[in-house]
Amino acid sequence: MEYRSENGNIVIEKSDSFVISQTLECGQCFNFEKLGDEDYVLTAFDRVLRLYEKDGKIIFEDTTEEDFKNIWIKYFDFEKDYSGIKSFLSQRDKTMKEALEYAPGIRILNQDFFECLISFIISQNNRIPMIKKVVANLSRRYGRYIKTVDGKDYYSFPKAEDLAGISEEELMESKTGFRAKYIIDAVNRALTGEIDEEKFAALSTEEARKLLMEIKGVGPKVADCVLLFSLGRSDAFPTDVWVKRVMSHFYFDGKDTPVKAIHSFAYDMFGEYAGFAQQYLFNYARQFKIGA
DNA sequence: ATCCAGGCCCGAT
DNA sequence: ATCGGGCATGGA
């Protein structure tokens, strides 16, 4: 990973395997704000980062080399070779190739486990702008103030400890809706250590999925999102309404298809890179409202 | 107004 | 094992 330090910022060359807007706006994360064209502020791992494009470069503003090395390289998956993954996927299938050409700058983020879990619990039967609002509400109320960027205050996403003992009624003040009780269950299991990021390392993707689904409010889709976006399981294939639509449309003759059949097809077609395929397809489907 | 959103729970079959 | 209703909330 080539980077250099410059006036307190970290600078990398722009590449077609990383476009800020595509990576942040493709529905995998919710803790960010758009300031302008290819200019964003995001919160992750107790840091607030403004990053933007300028003169063919990408600037990580007010960031130390330590943070870049220890946090952002992993977060943005910069150690992975996306050109290899993308060429594999685009050779598999024509639809996949088009989805990739539409948004070649999407990278699968490695997000904080607890934040990812709670965020995707919130995501169920919800819309992305609303999910972002709830995540921001929880951060402002229970997280820690980090810094102010462009006149707006940013807060870290709360830890399980920060949410300990909070009542369902209070959580609903942050507009969590019926998911409040699910958040409480996730928090409790995290606090007892029953659900702990360390535990997952020893488990297969399928075993990890089962463990996650013990949490109330975590079903197959939310579990797969957590596996893919925070536990590095690129074989997970989160299948929501949009992925169902795009898969049915392109691979099942437009027929409504059970998730199970979609999964086996995806694993067969995209193998260990199914998760990447899923994200490019999801983005593609949503932009062009395929099947809607 | 009615419908629906990066679903899941729960009770009925 | 599978199916359908219900669910907080707010935007179209």
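Naming: A, B, ... by sequence-line order, numbering from 1 per chain.
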Once you apply a heavy-atom cut-off of 4.0 Å, does [X] come out as touching a base, just sugar-phosphate, or nothing?
X	value
A:Val134	nothing
A:Lys175	sugar-phosphate
A:Gln279	base
A:Gly27	base
A:Glu168	nothing
A:Cys29	nothing

Given DNA chain B, 5'-ward residue of the pair A:Gly217 and A:Phe282, judged by closest heavy atom: A:Phe282

Here's a test of your reading of the structure: between A:Val218 and A:Pro129, which maps to the more 5' nucleotide of DNA chain B? A:Pro129

[N] versus [M] - spacing of their [atom1] atoms, nearest Å:
N	M	atom1	value
C:dA8	B:dG11	P	15 Å
C:dG6	B:dT2	P	15 Å
B:dC3	C:dG5	C1'	15 Å
B:dC4	B:dC8	C1'	16 Å

Nearest of [options] to any side-chain atom of [X]?
X	options	value
A:Arg245	B:dG6, B:dA5, B:dC9	B:dA5
A:Lys221	B:dC8, C:dA8, B:dC9	B:dC8
A:Met130	C:dG11, B:dG7, C:dT9	C:dT9
A:Phe229	B:dG6, B:dC8, B:dG7	B:dG6
A:Arg127	B:dC8, C:dT9, B:dC4	B:dC4

Please state whether the base of C:dA8 and the side chain of A:Asn126 form at least one donor-acceptor pair under 3.5 Å? no

Side-chain donor or acceptor of A:Arg179 under 3.5 Å from a matching atom on the base of C:dC7? no

Under-4.0 Å salt bridge between [X] and [Y]:
X	Y	value
A:Asp55	A:Lys14	no
A:Arg50	A:Glu33	no
A:Lys210	A:Glu206	no
A:Lys159	A:Asp46	yes

For A:Val243, run the side-chain contact (heavy atoms from CB on, under 4.5 Å) check against A:Gln279, A:Arg286, A:Gln278 and tell me which one passes. A:Gln278

Whole angstrom value for the distance that separates P of C:dT9 from NZ of A:Lys132: 21 Å

A:Ile122 CD1 to B:dG6 C1', straight-line distance once rounded to whole Å: 13 Å

Are A:Trp242 and B:dG6 stacked, counting the six-membered base ring, centres under 5.5 Å, planes under 30°? no

By nearest nucleotide on DNA chain C, pick out whichever of A:Lys133 and A:Asn125 is the more 5' one. A:Asn125

Cluster overlap A:Phe250 with A:Tyr273, hydrophobic side-chain contacts below 4.5 Å: yes

